[in-house]
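Side-chain atoms are counted along with the backbone in the values below, which use heavy atoms only and exclude waters and symmetry mates. Being a predicted model, the structure only gives us computed values, none of them experimental.
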Amino acid sequence: MKSILEAPFIVDMTRALDNMYSHGWDERNGGNVSVMLDPAEVAEYLDTSLVLRRIPMTFAEPALDGKIFIVTGTGKYFKNAKYDPAANLGIVRLAEGGAVAELLWGFTDGGKFTSEFPAHIMSHAVALAKSPDHRVVMHCHPTNIIAMTFVHSLDSREFTVDIWRTCTECLVVFPDGINVLPWMLCGTNEIGVATAEAMKTARMVVWAQHGIYGTGKDLDETFGLIETAEKGAEIYMKTFGHPILQTITDDNLREIEAGFGVKAREGWLD
Ligand code: 13P
Ligand code: ZN
C-alpha cells in the first residue's frame with residue numbers, strides 16, 4: 001500500500017486549500033471543498049473495505065450512492081490542512097442510498113465533514129448529471145464578490161453582465177454566468193437544494209452576503225473560475241461610485257464571443 005500522504009488527491013487538495021487561504025478567501029474556518037475520487041486510485045492507498053465510522057447525513061442523495069469524496073472538515077482552518085491533513089480532511093463513501101457517509105480515512109480528532117455537505121453533495125449530483133467529467137465543488141468567501149452583493153442587484157443576469165464588463169476574460173472563462181441566491185441561512189438542506197437547483201444553469205453560484213460556490217472537473221479549473229469572478233468583482237468594486245468614462249460595451253461582448261468562440265448564456269446579452 002502506498003503512503004496516502006503522497007497521494008495526488010491529498011497533495012492537490014492541501015495545495016489548493018493553502019492557495020485559497022493565501023488569497024484571503026478563507027478566514028478562520030471559512031470555506032469548504034469536496035472532490036469526487038476514483039475508487040481504483042483510492043484503493044492504491046487505502047483498504048476501502050475498512051469503514052472507520054459511519055456518519056449519518058441529514059439528507060440522502062441516491063444518485064451518488066457508493067461515490068467516494070475527499071472533503072474538508074467542519075470547523076477546520078484551510079491554513080492548517082497542509083500541516084495535518086488527516087485531522088482537517090476526511091475521505092468518505094456514501095452508502096445506504098446516499099444517506100450515510102462511511103469514513104474511510106481522516107477526521108482523526110473525531111470531526112466530520114463540512115456543515116455545507118448538503119450543498120456540496122446536491123451540487124455534485126447536478127454537476128455530474130450535466131458533465132461526466134465533473135469532480136469538484138469549492139466554496140469560499142472572496143471579499144469583493146461578497147461586497148458586490150451589498151451594492152448590486154441580486155438579479156443573476158444583471159450581476160453577471162456587470163462582471164463580464166469589467167475585463168475581457170470574464171465572458172471567456174464563464175460564458176454560462178453566475179447564478180445569485182439571496183441571503184439564506186447556511187449549513188441547511190434548504191440552501192443545499194437552492195444551490196443545486198442554481199447549478200443546473202451555471203457552474204458558479206453566489207450566496208449573497210456570504211460567498212461563492214464553484215464546480216469543475218479539477219481543483220485548478222474550479223479555482224480559476226472563482227479567481228476570475230473575484231477579479232471581475234474587485235474591478236467592479238474599485239470603480240463603483242466613480243464616473244465611468246468607458247466600459248466593455250455590448251458590441252465588445254459580442255466581439256469576445258466571436259473572437260474566442262464562446263457563447264454567452266442564452267438571452268443574457270441584449
Ligand atoms: P465549515 O467549517 O462547516 O466547513 O463551514 C464553513 C463555511 O464556510 C460555512 O459556510
Ligand atoms: Zn461559507
Side-chain angles (χ1 to χ4, degrees), residues 1-5 7-14 16-17 29 31-76 81 84-139 186-197 199-200 213 215-219 222:
M1 198 74 65
K2 300 193 219 170
S3 160
I4 191 159
L5 293 180
F9 49 81
I10 301 273
V11 174
D12 290 353
M13 182 78 153
T14 50
L17 297 176
N29 64 310
N32 22 78
V33 178
S34 60
V35 184
M36 191 164 34
L37 302 178
D38 171 9
E41 189 184 5
V42 176
E44 292 175 28
Y45 300 91
L46 278 182
D47 177 356
T48 53
S49 67
L50 213 69
V51 175
L52 305 177
R53 268 193 276 150
R54 304 167 70 73
I55 313 176
M57 310 197 303
T58 53
F59 63 100
E61 189 56 79
L64 299 184
D65 192 40
K67 300 280 188 203
I68 299 179
F69 299 87
I70 185 165
V71 57
T72 51
T74 184
K76 300 302 185 194
D84 193 354
N88 291 287
L89 305 172
I91 296 178
V92 297
R93 179 174 52 213
L94 301 196
E96 295 179 27
V100 164
E102 296 177 329
L103 181 65
L104 303 179
W105 176 87
F107 300 147
T108 51
D109 60 2
K112 64 180 235 179
F113 44 74
T114 171
S115 58
E116 305 295 3
F117 212 40
H120 279 251
I121 292 301
M122 294 177 196
S123 295
H124 275 296
V126 165
L128 196 61
K130 267 165 62 181
S131 160
D133 292 336
H134 162 81
R135 294 291 177 273
V136 176
V137 173
M138 182 179 279
H139 165 61
C186 63
T188 61
N189 290 348
E190 288 71 26
I191 203 168
V193 169
T195 306
E197 182 62 30
M199 285 296 181
K200 288 183 178 165
Y213 271 75
T215 57
K217 68 177 177 356
D218 58 35
L219 285 161
T222 315

Q | Side chain to side chain, Met199 and Val137, heavy atoms closer than 4.5 Å | A | no
Residues at least two apart in sequence or cross-chain that pass side-chain contact (heavy atoms from CB on, under 4.5 Å) with Thr74, listed by chain then number, are Lys112, Ser115
So CG of Leu46 and CD of Glu41: to nearest 0.5 Å the spacing works out to 11.0 Å
Glu197 meets the side-chain hydrogen bond (donor to acceptor under 3.5 Å, both in side chains) criterion, sequence neighbours left out, with Lys200
In short, Glu116 meets Gly187 closest at the heavy-atom pair OE1-N, 2.8 Å
Residues pairing under side chain to side chain donor-acceptor pair (under 3.5 Å) where one sits in residues 117-129, two or more places apart or in two chains, turn out to be Asn32-His120, Ser34-His120, Ser34-His124, His124-His134
Residues passing the ring-ring contact (aromatic ring centres under 6.0 Å, His included) test with Phe117, sequence neighbours excluded, are Phe113
For Asn189, the side-chain hydrogen bond (donor to acceptor under 3.5 Å, both in side chains) test, sequence neighbours excluded, returns Thr58
Tightest non-hydrogen contact, residues Ala125 and Glu61, listed as CB-CD, 3.5 Å
CG (Leu52) and CZ (Phe107) are apart, to the nearest 0.5 Å, by 11.0 Å
For this session: Look at Asp84 together with Lys76 and state whether they make a salt bridge at an N to O cut-off of under 4.0 Å.
Result: no
Heavy-atom nearest pair, Gly98 first then Leu94, reads CA-CB, 4.1 Å
Flag side-chain contact, heavy atom, 4.5 Å: Val35 against Asp12: no
CZ of Arg135 to CD1 of Ile70, rounded to nearest 0.5 Å, is 14.5 Å
Separation between CG (Leu50) and CG (Leu104), nearest 0.5 Å, reads 8.5 Å
When you look at Ile91 and Ile4, which way does the side chain to side chain contact (heavy atoms under 4.5 Å, CB included) test go after all the steps?
-> CA-CA 11 Å; Ile91 296 178; Ile4 191 159; 3.9 Å; yes
**Asked** Side-chain contact, heavy-atom cut-off 4.5 Å: Thr222 with Val33?
**Response** no
OG1 (Thr195) and NE2 (His139) are apart, to the nearest 0.5 Å, by 9.0 Å
Of all heavy-atom pairs linking Asp109 and Ala87, the shortest is OD1-O, 4.0 Å
Self-check item: Close side-chain approach of Tyr45 to Ile10, heavy-atom, < 4.5 Å
Solution: no
Shortest non-hydrogen pair, Val71 vs Thr114, comes out as CG2-CG2, 3.9 Å
In this structure, CG of Leu89 is separated from OG1 of Thr14 (nearest 0.5 Å) by 7.5 Å
For Leu5, the side-chain contact (heavy atoms from CB on, under 4.5 Å) test, sequence neighbours excluded, returns Ser3, Pro85, Trp105
Closest heavy-atom pair, Ala101 versus Val92, reported as atoms and distance to 0.1 Å, is CB-CB, 4.1 Å
